Protein chains: 2
Amino acid sequence: MARTAGSHSQTTGPRVHDAALKLFARHGFAAVSMRQIAAEVGVQAGALYNYTPDKQTLLLDLMRGHMDALLAERAQRGKHGGPLERLEEFTRFHIRFHLERPDAVFVSYMELRNLSPENFETIEALRRRYEDELEGILRDGVAAGLFAVADSKIATLAVIAMLTGVTTWYRPAGRLSVNEVETIYWDMVRKAVAA
Amino acid sequence: MARTAGSHSQTTGPRVHDAALKLFARHGFAAVSMRQIAAEVGVQAGALYNYTPDKQTLLLDLMRGHMDALLAERAQRGKHGGPLERLEEFTRFHIRFHLERPDAVFVSYMELRNLSPENFETIEALRRRYEDELEGILRDGVAAGLFAVADSKIATLAVIAMLTGVTTWYRPAGRLSVNEVETIYWDMVRKAVAA
DNA sequence: CTTTTATCTGAACAGGTGTTCAGTTAACCT
DNA sequence: AGGTTAACTGAACACCTGTTCAGATAAAAG
């Protein structure tokens, strides 16, 4: 056998990414073999190398895709309004965005150590750009006398850690809607940085 | 060759745990081989099986050791005082304890998925006991009219996520002492749950 | 309908995996 | 000093690892 019926790069490519994301999130990058990914796609292991030069790059592509999507969606929002409005917008956006892609979040936060130093820097730079957006909001709020934080960088990291934490416990079938979760967290964020 | 000069169970046992903890934290459970652990200890792979029945149990023991230490140290503290004092005590304890053992924290939070379902339940039960301590404090504070949180369980998870986040950025050689970090976070926690 | 091209198979490569165990040696006990 | 035991080696087991590639086949192009 060789080329299979209905095979097509435009469908197999995304399927490889989807399968890898799902399996990396469940079992971890190192614990997943190329043969497992291939089986999930319904293909032999060798075929994967039409879509990625190696396993490392597959991981990098998944992470970069996640960070690019994060920054792209963020760029279309929350540019107007005062610090308080922008902080609420950031809070709700962060929660919603992360709850919509739990697998990508899991992989992006857990598999950083499996990136080569060079690839790690690439991803870290994107993450810093995102953090800088929140820090800018906090700084503006402090300057306007609305917020009081001892250290804007630490406050940024603290808020992001708190918000990202929702992904560890939230289940769609649970008792709270995403909107309710957003509201509860926004209440805590607002108070935590309030003057 | 066989038994090596100076070999002793009481020294090798802890060394196996230390080496495994260090390597699991750096590279991840699945990415570390028994031979790498053995090499770190200065021993052949087979010798490790005098100290653990298998790799899985080695991971479980590391995690359980971490959680036991957490609960044991916690049990000797913060039983007296009002909700505000107990919350401050919890906040400072959590940060200090976690910053003192970054490897154990890393492993305990990242490798949960590598535990068998049964072992996972064991660790989760210990984690819930710890979370319940914080939730108790928050509930007491709400009852006393000192705190205002929409949902005590979510507030608990949010606070713990925020506090544990310090381990991702704190470096001993950095510009802040542990005590300064504690104070900055305590300020945010206090305000976040304040009435 | 024929030719070209994209896609995938199946086997192979060199090396690594967790785990077991007979045999060897150092440390301890009397 | 001699016997016993705890600690470790080194080899072996069956199997899995990422990656490569010649060959086969379906889809696309002419």
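Being a predicted model, the structure only gives us computed values, none of them experimental. Every chain is numbered from 1 and lettered A, B, ... according to where its sequence line falls, protein lines coming before strand lines.
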K.L.:
To the nearest Å, how far apart are Leu48(A) CG and dT7(C) P?
P.N.:
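In whole Å, dT7(C) P lies 14 Å from Leu48(A) CG.
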
K.L.:
Can I get a per-line list of side-chain donor-acceptor pairs under 3.5 Å for residues 57-66 of chain A, giving both atom names and the distance, sequence neighbours left out?
P.N.:
{"from": "Thr57(A)", "atom 1": "OG1", "to": "Asp54(A)", "atom 2": "OD1", "distance (Å)": "2.7"}
{"from": "Asp61(A)", "atom 1": "OD1", "to": "Arg64(A)", "atom 2": "NH2", "distance (Å)": "3.3"}

K.L.:
Just the rounded figure in Å: distance from P of dT17(D) to CG of Leu23(A).
P.N.:
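In whole Å, dT17(D) P lies 12 Å from Leu23(A) CG.
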
K.L.:
Will you find, in the side chains of Thr164(B) and His98(B), an N or O donor that is under 3.5 Å from an N or O acceptor?
P.N.:
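The criterion, which ignores hydrogens and geometry beyond distance, is not satisfied for His98(B) and Thr164(B).
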
K.L.:
Using whole Å, report how far CD of Gln56(A) lies from P of dG18(D).
P.N.:
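Answer to the nearest Å: 12 Å.
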
K.L.:
To the nearest Å, give me how far apart CD (Gln44(B)) and P (dA26(C)) are.
P.N.:
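Spelled out: CD on Gln44(B) to P on dA26(C) is 16 Å.
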
K.L.:
Please identify each residue that fulfils side chain to side chain contact (heavy atoms under 4.5 Å, CB included) with Phe106(B), with sequence neighbours left out.
P.N.:
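Arg113(A), Ala25(B), Met110(B).
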
K.L.:
Anything under 3.5 Å between a donor and an acceptor, one on a side chain of residues 26-46 of chain A, the other on a protein residue two or more places apart or in another chain? List them.
P.N.:
{"from": "Ser33(A)", "atom 1": "OG", "to": "Arg35(A)", "atom 2": "N", "distance (Å)": "3.4"}
{"from": "Ser33(A)", "atom 1": "OG", "to": "Gln36(A)", "atom 2": "N", "distance (Å)": "3.1"}
{"from": "Glu40(A)", "atom 1": "OE2", "to": "Lys22(A)", "atom 2": "NZ", "distance (Å)": "2.9"}

K.L.:
From NE2 of His27(B) over to P of dT17(C), roughly how many Å is that when rounded to an integer?
P.N.:
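From His27(B) NE2 to dT17(C) P: 12 Å.
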
K.L.:
dT9(D) C1' sits how many Å from Tyr51(B) OH, rounded?
P.N.:
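My rounded result for the distance is 13 Å.
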
K.L.:
Tell me every residue that passes side chain to side chain contact (heavy atoms under 4.5 Å, CB included) with Ala144(A), counting only those two or more places apart in sequence or in another chain.
P.N.:
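Residues passing side chain to side chain contact (heavy atoms under 4.5 Å, CB included) with Ala144(A): Leu146(A).
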
K.L.:
Using the ring of each side chain (for Trp, its six-membered ring), is Phe93(A) parallel, tilted or perpendicular to Phe97(A), with breaks at 30° and 60°?
P.N.:
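Correct class here is tilted.
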
K.L.:
Does dC8(D) have OP1 or OP2 sitting under 4.0 Å from an N or O in the side chain of Thr12(B)?
P.N.:
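Yes, within the criterion.
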
K.L.:
Rounded to whole Å, how long is the line connecting atom CG of Asn50(A) with atom C1' of dA26(D)?
P.N.:
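Taking CG of Asn50(A) and C1' of dA26(D), I get 14 Å after rounding.
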
K.L.:
Between residues 28-39 of chain A and DNA chain C, which residues have a heavy-atom gap below 4.0 Å?
P.N.:
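Correct list: Arg35(A).
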
K.L.:
Would you kindly compare Val43(A) and Gly46(B) by the position of their nearest DNA chain C nucleotide and give the one closer to the 5′ end?
P.N.:
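Result: Val43(A).
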
K.L.:
Could you give the CG-to-P distance, from Leu59(A) to dG18(D), as a whole number of Å?
P.N.:
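My rounded result for the distance is 13 Å.
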
K.L.:
Of the candidate nucleotides dG18(D), dT7(C), dT20(C), which contains the atom at the shortest distance from the side chain of Tyr49(B)?
P.N.:
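The nucleotide sitting nearest to the side chain is dT20(C).
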
K.L.:
For residues 84-91 of chain B, tabulate all N or O donor-acceptor pairs below 3.5 Å that involve a side-chain atom, not counting sequence neighbours.
P.N.:
{"from": "Glu85(B)", "atom 1": "OE1", "to": "Gly82(B)", "atom 2": "N", "distance (Å)": "3.1"}
{"from": "Arg86(B)", "atom 1": "NH1", "to": "Asp140(B)", "atom 2": "OD2", "distance (Å)": "3.3"}
{"from": "Arg86(B)", "atom 1": "NH2", "to": "Asp140(B)", "atom 2": "OD2", "distance (Å)": "3.2"}
{"from": "Glu88(B)", "atom 1": "OE2", "to": "Arg92(B)", "atom 2": "NE", "distance (Å)": "3.0"}
{"from": "Glu88(B)", "atom 1": "OE2", "to": "Arg92(B)", "atom 2": "NH2", "distance (Å)": "3.4"}
{"from": "Glu89(B)", "atom 1": "OE1", "to": "Arg74(B)", "atom 2": "NH1", "distance (Å)": "3.1"}
{"from": "Thr91(B)", "atom 1": "OG1", "to": "Leu87(B)", "atom 2": "O", "distance (Å)": "2.9"}

